[in-house]
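What follows is a set of notes on a single structure, which appears directly below.
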Amino acid sequence: METLFSLLLLTTVYGLVFLSIFPEKYLRKLSHFNHHKNVPEYLKFSLSTPIFFSFLLGYTLASAMLYFIVA
């Protein structure tokens with residue numbers, strides 16, 4: 001149970017760290033339609049890909065750390 005809690009906590013922490021250092025220019029959609037239309041600024045951002053990859057890297061780092069520390 002402690003291992004699962006540690007994995008979830010470390011995944012969240014590392015995922016948020018990776019998300020905070022992700023550059024803003026990669027958060028923008030590469031869509032001609034949204035950049036040349038009168039759309040609100042918040043709709044021009046796509047956060048699903050950076051969130052997925054940051055938490056995937058966070059999970060990978062957390063699982064590697066727990067594997068080497070616990071095992």
Side-chain angles (χ1 to χ4, degrees):
M1 192 68 187
E2 299 91 21
T3 307
L4 179 64
F5 178 72
S6 299
L7 183 65
L8 289 174
L9 183 68
L10 287 174
T11 299
T12 304
V13 169
Y14 289 137
L16 290 175
V17 166
F18 287 132
L19 188 62
S20 70
I21 61 175
F22 213 85
E24 182 184 335
K25 66 179 179 177
Y26 294 119
L27 298 178
R28 295 203 175 267
K29 286 184 181 178
L30 298 176
S31 172
H32 180 80
F33 176 73
N34 282 337
H35 288 289
H36 296 287
K37 193 178 173 190
N38 221 353
V39 215
E41 190 68 26
Y42 69 93
L43 290 178
K44 294 181 183 179
F45 288 94
S46 172
L47 293 176
S48 59
T49 304
I51 288 174
F52 172 74
F53 283 120
S54 66
F55 281 104
L56 181 66
L57 260 68
Y59 174 75
T60 305
L61 185 61
S63 61
M65 283 185 61
L66 285 177
Y67 175 76
F68 289 120
I69 291 174
V70 173

Revision key, fill the gap. Here the gap from Y14 atom OH to L9 atom CG, rounded to the nearest 0.5 Å, amounts to 9.5 Å

Revision key, fill the gap. T3 and L66 have their tightest heavy-atom pair at O-CD1, 3.8 Å

Practice item. Treat each ILVMFWY residue as a node, draw an edge where side-chain heavy atoms are under 4.5 Å apart, and state whether V70 and L4 are in one component. Key: no

Side-chain donor/acceptor pairs under 3.5 Å, residues 57-65, sequence neighbours excluded:
residue: T60; atom: OG1; partner: L56; partner atom: O; Å: 2.8
residue: S63; atom: OG; partner: Y59; partner atom: O; Å: 3.0
residue: S63; atom: OG; partner: T60; partner atom: O; Å: 3.0

Review point. Excluding sequence neighbours, so at least two apart, what forms side-chain contact (heavy atoms from CB on, under 4.5 Å) with L16?
Key: T12, F55

Check your understanding: Are L10 and I21 grouped together when hydrophobic residues (ILVMFWY) are joined by side-chain heavy atoms under 4.5 angstrom apart?
Key -> yes

